[in-house]
There are 2 protein chains.
Amino acid sequence: MAQAIPFRQASPLKASCHQCSLSNLCLPLAIEENDLDRLEDIVQQGRIFNRGEHIFDQSTPYRSCFAVKSGSIKTSIITENGEEQVTGFFMPGELVGLDSIGSEHYACTAKALERTRVCEFPMEKLEELTGKLPELQHHMYHLMSQEIQNSHQLAMLLSKNTAEERIAALLLSLSSRFQRRRMSPTNFSLPMARNDIANFLGLAVETVSRVFTRFQNQGIIKARGREVELLDIEALQMVSREFSRQCNN
Amino acid sequence: MAQAIPFRQASPLKASCHQCSLSNLCLPLAIEENDLDRLEDIVQQGRIFNRGEHIFDQSTPYRSCFAVKSGSIKTSIITENGEEQVTGFFMPGELVGLDSIGSEHYACTAKALERTRVCEFPMEKLEELTGKLPELQHHMYHLMSQEIQNSHQLAMLLSKNTAEERIAALLLSLSSRFQRRRMSPTNFSLPMARNDIANFLGLAVETVSRVFTRFQNQGIIKARGREVELLDIEALQMVSREFSRQCNN
DNA sequence: GTACATAGTTGACATGGATCAAATCGGACG
DNA sequence: CGTCCGATTTGATCCATGTCAACTATGTAC
């Protein structure tokens, strides 16, 4: 894929927020062009994690939150008896670690689902900055609010909806998140394994698998492994009966 | 209960945060004595809601978050098809409305479970203030983080735990929240109906009822209506297998 | 290319909790 | 004090989904 010329192109490690393609999704969204430098001063850009590597885990002392630059991340809580509960999937432009501010350690474990590049925002400095930039502060509050809402949405899905509804909702959520990044909302490849989907949605892997094939037989989706094509979005919305797409902004 | 002399005692409507008995739980917790006045300047204290009244609902334009001063509040999301999902219960000292910052309208509906007194913090002014008081800003971030964690905890409960485990966990959570307020952790009265418990925990009312009587037969609790006595907290912890009580602070 | 490991699919069966139905309790109100 | 209506409890039955088991596909290492 990437040709041999390894460092020439990739090396502008100090690639600025100014020219980041995600600046309309990420924190810069809330910042005046002039003040963007101040954000760049505190961000550590471009750390790379390979598939399966931990960005942090529950024993890591809390320091920073992370923006996904490329790739994707799964967060989960590991209980003392070793069970895992996946709490979220994070795609480029999204912020990980908002659930741990003010805690000694991270409240969850974050693992790269594929080769993933992140930008790190040391929270101490970020708080300092948000104290000076009201817009940015407001944006942080807003992001955290949304995180709460998302989680409530998930709780709702888990407690009230059938397996089909849950999976339809997840597919739609992913779809709209791809779309936000100007990628195809109907043709994408799932960054996570069936196992993670199952765990996230509170289902058994087998059930996830069955629902996928059922959807496929009904002509609603086409799936081969992680490659997915949504053939009939309306049908999916009908199934998930979650037109409530307040997720967007 | 409260004798006839209605307004004499109750009237210091401008009762200050300074002398509020909850100042060690609520926002004042994060503020220097000197700066407390500035919080008092923006708070509207002492609004009272009767049981069943809405503090706000999903059609209310977002303005403020609310601290419970006495009584208790239930928040829920009402879907377009009329279903309700209870997202939380809020007791004195706790903050309601953190899930809606930056949204046009409140993301949920808040209803008083009993006669309830709240303090209102207009968010616009509160943001202004947190911009000036780093400690307060940090505390807000922390509170919101915890709200996310709580919600993840709930999601976990809903997706992985049995009816008994869920109910044990709820009882323990209530217990420790009463304890924080220097009230008995073993003897309290539930502010919410069985129905609300069921909805919150993703169960049918009947199941909740059955589990209560089962616990009672096992001698773990004693319950008559909403009056509850926890006879064997350890057993409850055993059942809920959620020693992870990171909920505190 | 072969082999092993991991991920995904499919089938058969068991069960926790939902649902339906009915009885009882409790509290507000005249 | 009796009535009425909602809240709670209890019982009987059913079903969506979990669990167990076996098979298949995919990918990685040698």
Side-chain angles (χ1 to χ4, degrees), chain A residues 1 50-52 74 83-86 111 113-115 156-171 189-218 221-228 239-241, chain B residues 1 50-52 74 83-86 111 113-115 156-171 189-218 221-228 239-241:
Chain A
M1 183 154 267
N50 287 316
R51 159 200 261 253
K74 137 185 130 175
E83 279 176 275
E84 175 180 22
Q85 163 73 31
V86 176
K111 194 187 231 186
L113 287 170
E114 51 194 316
R115 194 176 172 80
M156 191 145 152
L157 214 56
L158 292 173
S159 81
K160 300 267 185 300
N161 295 55
T162 67
E164 296 199 350
E165 289 161 350
R166 297 181 207 186
I167 290 176
L170 176 62
L171 289 174
S189 97
L190 300 171
M192 75 294 280
R194 295 283 187 278
N195 221 327
D196 295 325
I197 296 180
N199 188 309
F200 180 62
L201 296 177
L203 300 169
V205 204
E206 294 93 328
T207 307
V208 173
S209 189
R210 275 186 260 267
V211 171
F212 265 83
T213 57
R214 212 176 305 157
F215 280 170
Q216 191 149 215
N217 293 339
Q218 297 173 275
I221 69 170
K222 212 172 86 179
R224 265 243 331 281
R226 297 191 177 188
E227 293 308 316
V228 175
V239 170
S240 87
R241 74 178 182 210
Chain B
M1 182 151 270
N50 287 314
R51 158 200 262 251
K74 136 186 132 176
E83 279 176 275
E84 176 181 19
Q85 163 74 33
V86 176
K111 195 188 232 186
L113 286 170
E114 52 194 316
R115 193 176 173 81
M156 192 146 153
L157 214 57
L158 292 173
S159 81
K160 299 266 186 302
N161 296 55
T162 67
E164 296 199 351
E165 289 162 351
R166 297 181 207 185
I167 290 176
L170 176 61
L171 289 174
S189 97
L190 301 170
M192 74 294 278
R194 295 284 188 278
N195 220 326
D196 295 326
I197 295 180
N199 188 308
F200 180 61
L201 296 177
L203 300 168
V205 204
E206 294 93 326
T207 306
V208 173
S209 189
R210 276 186 256 266
V211 171
F212 265 83
T213 57
R214 213 176 304 157
F215 280 170
Q216 190 149 215
N217 294 339
Q218 298 174 270
I221 69 170
K222 212 171 86 177
R224 264 241 332 280
R226 296 190 178 187
E227 292 310 314
V228 176
V239 171
S240 88
R241 73 174 182 216

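By convention in this document, chain letters (A, B, ...) are assigned in the order of the sequence lines, proteins followed by strands, and residues within each chain are numbered from 1.
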- Between A:T162 and B:R194, which has a closest nucleotide on DNA chain D that is more 5'?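 Its nearest nucleotide being more 5', the pick is B:R194.
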Please tabulate, for side-chain N and O atoms in residues 205-215 of chain B, each donor-acceptor pair with protein atoms closer than 3.5 Å (sequence neighbours left out).
from   : atom 1 : to     : atom 2 : distance (Å)
B:T213 : OG1    : B:R210 : O      : 2.8
B:R214 : NH1    : B:E164 : OE2    : 2.5

Apply side-chain hydrogen bond (donor to acceptor under 3.5 Å, both in side chains) to [X] and list each qualifying residue two or more places apart in sequence or on a separate chain.
X      : value
A:Q218 : none
B:N50  : B:R115
B:K160 : A:Q85, A:N199
A:E114 : A:S72

- Looking at the side chain of B:A193, which of D:dT8, C:dG8, C:dG17 is the nearest nucleotide?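 Closest nucleotide to the B:A193 side chain: D:dT8.
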- Query: Counting side-chain heavy atoms from C-beta on, which of C:dT10, D:dT10, C:dG17 comes nearest to B:S209?
  - Reply: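 From the listed options, D:dT10 comes nearest.
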- Message: In this structure, how many angstroms lie between the P atom of C:dG17 and the CG atom of B:L201, rounded?
- Response: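 For the pair B:L201 CG and C:dG17 P, the rounded distance is 12 Å.
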- State, to the nearest 10°, the angle formed by the axis through the first five base pairs of the helix from C:dG1-D:dC30 to C:dG30-D:dC1 and the axis through its last five.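 For the helix from C:dG1-D:dC30 to C:dG30-D:dC1, the axes at opposite ends meet at about 50°.
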- Indicate for each nucleotide in nucleotides 24-30 of chain D, in 5' to 3' sequence, whether protein heavy atoms under 4.0 Å reach the base (B), only the sugar-phosphate (S), or nothing (-). -------
- Can you sort out the partners of B:E227 under salt bridge (charged side-chain N to carboxylate O under 4.0 Å, His left out), two or more places apart, ordered by chain and number?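 None.
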Grab the N/O contacts between the protein and nucleotides 19-23 of chain C below 3.5 Å, and write none if there aren't any.
from   : atom 1 : to     : atom 2 : distance (Å)
C:dT19 : O4     : B:R210 : NH2    : 3.0
C:dC20 : N4     : B:E206 : OE2    : 3.0

What N/O pairs connect the protein and nucleotides 4-6 of chain C at under 3.5 Å? Give each pair on its own line.
none

- For B:M156 and A:E84, run side chain to side chain contact (heavy atoms under 4.5 Å, CB included): C-alpha distance rounded to whole Å, both residues' side-chain angles, the deciding distance at 0.1 Å, then the answer. CA-CA 9 Å; B:M156 192 146 153; A:E84 175 180 22; over 6 Å; no
Contacts under 3.5 Å, N or O only, protein and nucleotides 27-30 of chain C:
none

